[in-house]
Each structure stands twice: as structure tokens, then as C-alpha cells.
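Report on one structure; see the data block that follows.
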Amino acid sequence: MDKRQTDVLNVDNYVENLEQHPSIQLAASRLKEDQVVAFPTETVYGLGGNALSDKAIEKIFRAKGRPTDNPLIVHIADQKDLDNYVKVIPNTVEKLMDAFWPGPLTIVLEHNGKIAPKVTANLSTVAIRMPDHPIALALIKAANLPLAAPSANTSGRPSPTKAEHVIEDLNGRIYTIINGGSTGVGVESTVVDCTGEKPMILRPGGITKEQIQSVVGEVLMDPALHKITEAPKSPGMKYTHYAPAAPLVLVDGDEEFFRKTIEKAQSEGMKVGLLITEEMERNFSVEKQVVIGTRSDLNSVAKNLYDALRAFEKHEVDVIYAEVFAETEIGTAIMNRLNKASGGSMILQHK
Ligand code: TXA
Ligand code: MG
């Protein structure tokens with residue numbers, strides 16, 4: 001598209017009758033014309049387009065610079081709409097929807113051919129979710145369309161949790177951003193494949209494995225999630241996901257070990273950044289320290305993670321050291337993103 005001013009539409013999440021709000025109506029009319037619109041969800045901002053139109057979907061891929069073989073999630077505003085786009089709805093999926101929709105759970109099922117082929121990257125399956133955000137729901141209803149929406153960042157960068165992040169990445173590349181303030185969950189939805197006998201988590205996210213298990217019993221994890229990402233430069237983009245401005249290295253050790261690790265890097269002339277919790281926040285003498293939340297509530301870490309990764313862009317450092325978290329509950333999603341952002345690079349204390 002031509003370089004053009006991006007309209008930022010400010011919408012208060014809590015006003016009555018959001019669907020009729022002039023900004024929502026304007027954004028919806030643009031979606032109906034196959035334009036793309038960035039909007040907040042409860043997880044991260046999405047870049048939405050008409051999921052029935054390959055023309056709209058092409059614009060999403062182009063604006064993000066996303067490889068076209070990576071399929072998009074379709075967003076709907078009513079549980080009943082799932083039936084319009086998939087072949088069969090297994091009983092487990094009914095249970096999952098009842099328990100977690102609207103919410104950060106994306107369900108993968110065989111599609112019936114109605115969703116535009118570019119959304120699914122020509123797969124036989126489609127990923128669908130119902131977001132738990134008043135603006136997202138109002139926009140889908142006002143447009144009266146299913147909206148395909150990946151995270152509204154440039155491909156490879158940390159996902160946007162504020163309208164400002166979307167502007168940083170996509171200003172001049174899209175016409176419309178709805179600003180609804182900071183998103184709540186902070187990490188993306190959990191993607192669960194429900195085409196097999198047992199549900200399988202393909203991407204950990206806002207709804208935890210433990211939560212899903214409590215509703216449907218045994219849940220599998222995609223074996224690909226456990227691969228150590230040592231070798232960089234795979235044809236896939238997985239090693240450059242969520243990449244901050246400087247190399248991110250995970251540090252698994254106590255405060256003393258952190259201190260030694262920092263001092264070693266500094267003795268080699270490196271400027272050090274730290275991504276740490278309130279509990280670890282000490283007067284480390286480093287170039288830049290970003291507090292991501294508290295260990296007593298890991299949801300706070302999830303909420304701030306991407307903003308914290310972006311915070312280092314304005315501050316020149318040579319390396320960013322980050323804490324690690326136990327891989328249970330929301331910690332699973334946090335560690336998945338930290339491992340991707342670091343490309344698997346970790347320093348371990350010998351205990
Ligand atoms: O929270 C979220 O899910 C956000 C908000 C905007 O809804 N969206 C999001 O979209 O994270 P995106 O495109 O950044 O990630 C979509 C993920 C990718 O890992 C993609 O490979 C997977 O969902 N996916 C999409 N369709 C799929 C399918 N048919 N089968 C397996 N995985 C699929
Ligand atoms: Mg994404």
C-alpha cells in the first residue's frame with residue numbers, strides 16, 4: 001500500500017452499546033471492504049481481516065511480512081458460529097467451549113471449506129477462537145464476519161500488548177488501529193488440536209494445560225514443543241520469534257550466580273540488560289533493568305513480558321539476561337516464549 005497515515009481510533013472498553021460506537025462502525029465498514037484493522041483482544045492485539053476473503057488475508061500477510069505457510073486464527077463472537085466453518089464438533093470441544101469461551105483458547109478442527117484458503121495455508125484444518133474482549137466481540141458483530149487475526153506485530157517481533165506496539169511495527173502499513181488500552185493476559189491463546197482422539201496442545205498460552213485437563217481429562221503436548229532449539233537458522237521462523245533488540249540469554253541460578261554472570265559479561269566489555277522479577281530486583285549495576293512482575297503472581301509476568309522485551313529497543317545493550325520459571329500453569333506459556341525469544345540460549349548454575 002502507499003505510505004498513508006494510520007488512523008488510531010480510541011475506544012473505551014466499558015462504554016454501553018459498543019457495537020454502535022462510531023469508531024467500531026467505521027472499522028467494521030473497512031473490514032467489509034476487505035481492509036485490515038488492528039484491534040485489542042484479551043491476549044494481544046490482533047491484525048484482523050475478513051476470514052472469507054483471500055484478498056483481505058493477503059493484506060494481513062503483507063503488512064506483517066509473515067510467511068504464507070503459517071496459518072491464521074479465525075475469531076468469532078458466538079459459540080454457535082463454530083458450526084458454520086467446521087465439519088464436526090466433537091463432544092470434547094463442546095466441553096472446552098463451555099468452559100473457556102470467550103477466552104484465550106484456540107481450537108483446531110477439520111474445516112468445511114468456507115474459510116478462505118489463505119487463512120488456513122491450504123491445510124484441511126482451521127484454528128478458531130472466541131476472544132474475551134468487549135472491543136473484539138463488538139467489532140466481529142458489527143462487521144458480521146469471522147475475522148482472521150494473527151498478532152499485530154511485524155513477523156518475528158514480540159507480540160503487541162498495547163496500541164503503541166502496533167504503531168511501532170505497522171504505522172503506515174495499515175490504515176486502522178483501534179486503541180483499547182493494554183491487553184490483559186499478555187501471552188497469546190493456547191492452541192489445542194482437537195482432530196485426534198485426545199486434545200493436543202500445539203502452543204501453550206492463556207488457558208493452561210492443567211485447566212484443560214480439569215475439563216476433558218488427559219491432554220497431550222505436541223512433541224515439537226520439547227525440542228531443544230540449539231541449532232539456529234532452520235527454514236522455519238521459530239528461532240526468530242519474539243526476538244528482542246539484543247540476544248536474550250536465560251539464567252537459571254540464584255542471586256549470587258546472576259551477579260557473577262553479569263560481572264563476567266561486563267568484564268568482557270558488554271553492556272548488560274536484565275529482565276527480572278520484583279523478587280530478584282536488587283541494585284545490580286547494569287545498563288538497563290526491566291521488572292516484569294512478581295513471582296507471587298505469574299500472571300503479572302505474562303502480562304508484561306512482551307512490553308518488557310520491547311523496552312530494550314530504546315536502550316542499547318549487548319546482552320539481556322532473564323530469569324527462568326517453573327513450567328507449570330501459566331509458567332509453561334511464559335517459558336515457551338522466553339525459550340523462543342532466546343533461541344534456547346541458557347546459562348545453568350552447577351548446583
Ligand atoms: O491470542 C491469540 O491467539 C492472538 C490473538 C490476536 O487472538 N493471535 C495469535 O495469532 O497469536 P498468531 O497468528 O500470532 O498465531 C497463530 C498460531 C500460529 O502458531 C499458527 O501456526 C497456529 O496458530 N495455527 C493457526 N491455524 C492452525 C491450524 N489449522 N493448525 C495448527 N496450527 C494453527
Ligand atoms: Mg504471532
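Counting starts at 1 for both ligands and their atoms, in listed order. The figures that follow rest on heavy atoms only: side chains count, while hydrogens, waters and symmetry mates do not.
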Test item: [X] and [Y] side chains (from C-beta on) under 4.5 Å apart, heavy atoms:
| X | Y | result |
| --- | --- | --- |
| Phe257 | Ile347 | yes |
| His111 | Val119 | no |
| Arg66 | Ile60 | no |
| Pro102 | Met97 | no |
| Ser189 | Leu105 | no |
| Pro90 | Leu109 | yes |

For [atom], grab the closest protein heavy atom and report residue, atom and distance to one decimal in Å.
| atom | value |
| --- | --- |
| atom 7 (O) of ligand 1 | His75 NE2, 2.6 Å |
| atom 31 (C) of ligand 1 | Leu202 CD1, 3.6 Å |
| atom 28 (C) of ligand 1 | Thr125 OG1, 3.9 Å |
| atom 15 (O) of ligand 1 | Arg203 NH1, 3.1 Å |
| atom 6 (C) of ligand 1 | Gly46 CA, 3.5 Å |

Report task. Please lay out, stage by stage, how Glu218 and Lys209 fare under the test salt bridge (charged side-chain N to carboxylate O under 4.0 Å, His left out). Result -> CA-CA 9 Å; Glu218 196 189 347; Lys209 181 185 181 187; over 6 Å; no
Query - Candidate list Leu225, Val187, Asp222, Val192, test side-chain contact (heavy atoms from CB on, under 4.5 Å), partner Pro204, passing option - result: Leu225
Query raised in the report: Of the backbone and side-chain N, O or S atoms of Ser159, does one lie nearer to the Mg ion (ligand 2) than 2.8 Å?
Result: no
Query raised in the report: Does His111 come within less than 4.0 Å of ligand 1, judged by its heavy atoms?
Result: no
Query raised in the report: Is Thr120 in contact with ligand 1, taking contact as a heavy-atom separation below 4.0 Å?
Result: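 No heavy atom of Thr120 comes that close to ligand 1.
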**Report entry** Under-4.0 Å salt bridge between Arg295 and Glu323
**Finding:**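 Yes, Arg295 and Glu323 are salt-bridged.
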Query raised in the report: So, Glu168 and Arg157, do they make that salt bridge, N to O below 4.0 Å?
Result: yes
If you count the atoms of ligand 1 from 1 in the order shown, which ones are under 4.0 Å from a heavy atom of [X]?
| X | result |
| --- | --- |
| Pro150 | 10 (O), 12 (P), 13 (O) |
| Thr43 | 1 (O), 2 (C), 4 (C), 5 (C) |
| Asn70 | 18 (C), 20 (C), 21 (O) |
| Arg66 | 12 (P), 13 (O), 14 (O) |

Closest by any non-hydrogen atom to [atom]: pick that one out of [options].
| atom | options | result |
| --- | --- | --- |
| atom 16 (C) of ligand 1 | Val119, Ile115, Ile73, Ile128 | Ile73 |
| atom 8 (N) of ligand 1 | Ser124, Ala149, Pro71 | Ala149 |
| atom 2 (C) of ligand 1 | Ala38, Ala127, Ser189, Ser155 | Ser189 |
| atom 9 (C) of ligand 1 | Ser151, Gly186, Gly205 | Ser151 |

Query - Exam field: side chain Ser300 to backbone Thr294, donor-acceptor pair closer than 3.5 Å - result: yes
Query raised in the report: Between the main-chain N or O of Asn153 and the side-chain N or O of Lys64, is there a donor-acceptor pair closer than 3.5 Å?
Result: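 Yes; at least one donor-acceptor contact below 3.5 Å.
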Could an N or O of ligand 1 be found under 3.5 Å from any N or O of [X], whether backbone or side chain?
| X | answer |
| --- | --- |
| Tyr45 | no |
| Thr106 | no |
| Lys64 | no |

